[in-house]
Amino acid sequence: MKLSDQQLDRYARHIILKEVGGMGQKKLLAAKVLVVGAGGLGSPLLLYLAAAGVGTIGIVDDDIVSLSNLQRQVVHDTSAVGTPKTDSAEARVNAINPDVTVVKHNEKLTTDNAEKLIAQYDIVADGCDNFETRLLVNDTCAKLGKTLVSAALSQFEGQLATFKPFAASDTPLPCYRCFVPEVPSDQTEQSCSERGILGVIAGVMGTMQATEVLKEILDIGDGLAGKILLYDALSQRQRVIALPRDPNCPTCKDL
Amino acid sequence: MIKVYINGDEMSFPDTVSVTALMVELGMTKGRVALEKNREIVPRSTFDEVMIEDGDVMEIVHFIGGG
């Protein structure tokens with residue numbers, strides 16, 4: 001694959017970076033990333049992955065854009081209210097960058113379709129809004145050997161980590177289930193719709209999540225495998241701590 | 001007597017305690033939070049074996065799942 005003159009121009013600020021260059025830009029154009037959820041996290045993810053020239057972006061979401069989404073879900077706009085989020089997000093991504101092929105999955109991720117769907121991609125970015133789906137995405141990614149970059153939001157805070165328990169490492173790397181072993185009993189209290197969220201938190205976390213996705217594709221810097229980033233907006237405090245594998249984790253203990 | 005720090009607050013215990021005992025003491029329901037000890041998450045299945053020692057610095061990390 002050779003970059004066209006238009007692409008050399010569009011991605012000039014990437015190509016000038018020695019950590020990216022023409023080779024790295026070609027990696028981005030060849031990459032296939034699945035974004036789970038076109039909501040608060042999915043919005044900045046989609047915008048920045050598209051702008052960066054990630055060649056194939058899958059979007060899985062079965063939801064419709066509602067007016068109360070627009071306070072934080074910046075990939076959608078007022079005219080899209082009432083339409084499927086996948087359609088609205090696709091239109092925006094196409095407008096940003098025609099190099100990107102968008103694959104719409106206007107469905108819920110379930111145990112029946114997860115493997116078939118995730119198998120088509122290299123990297124999964126999870127920005128969904130519930131623990132059942134998070135654990136399903138995790139277990140499927142671990143089984144298929146797909147890198148998972150996972151972020152989560154609450155009112156004024158966010159968490160971000162990368163999971164690749166199958167990868168070679170000095171100490172065994174964890175999966176999401178090593179952190180959240182099962183669906184918490186009071187999870188309804190944890191959703192943005194129930195508890196509220198300062199919209200911009202989604203922008204901060206989704207953009208950091210996109211950063212980690214790009215780093216994984218480009219294989220640059222220190223990733224967040226074996227670590228978790230904790231962000232608190234009210235104190236503007238951000239910490240990265242170690243997240244080891246749980247030696248008895250049912251998902252990854254034998255990997 | 002051991003002295004430890006939880007979410008920045010000092011706490012003391014007569015002796016070393018397991019993470020399980022600490023969580024009971026703090027009234028933390030199993031399954032809603034993780035425990036960070038000295039900048040590392042303690043795996044859930046090791047809560048009975050991992051002991052809290054004098055000087056340990058801990059934070060309660062709540063599970064969040066919004067997107």
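Reminder, nothing fancy here: chain letters follow the sequence lines and each chain counts from 1. If you're wondering where the values come from, they're calculated on a predicted model, not measured in any experiment.
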So if I take each residue of residues 225-233 of chain A and look for any heavy atom under 4.5 Å from a heavy atom in chain B, which residues do I end up with? A/Ile228, A/Leu230

Aromatic ring centroids of A/Phe163 and A/Phe179 under 6.0 Å? no

Any donor-acceptor N or O pair under 3.5 Å, side chains A/Thr86, A/Asp61: no

Is chain B contacted by the side chain of A/Val36, its backbone, both, or neither, given a heavy-atom distance below 4.5 Å? neither

Residue pairs involving residues 52-67 of chain B (criterion salt bridge (charged side-chain N to carboxylate O under 4.0 Å, His left out); sequence neighbours excluded): B/Lys37-B/Asp56

Can you run down the salt bridge (charged side-chain N to carboxylate O under 4.0 Å, His left out) pairs that involve residues 242-255 of chain A, sequence neighbours left out, and say none if there aren't any? none

For the CD atom of A/Glu212 and the CG atom of A/Leu148, what is their distance to the nearest 0.5 Å? 12.5 Å

Not counting sequence neighbours, list each pair that qualifies as a side chain to side chain donor-acceptor pair (under 3.5 Å) and has a residue in residues 165-181 of chain A. A/Asp139-A/Arg177, A/Arg177-A/Thr251

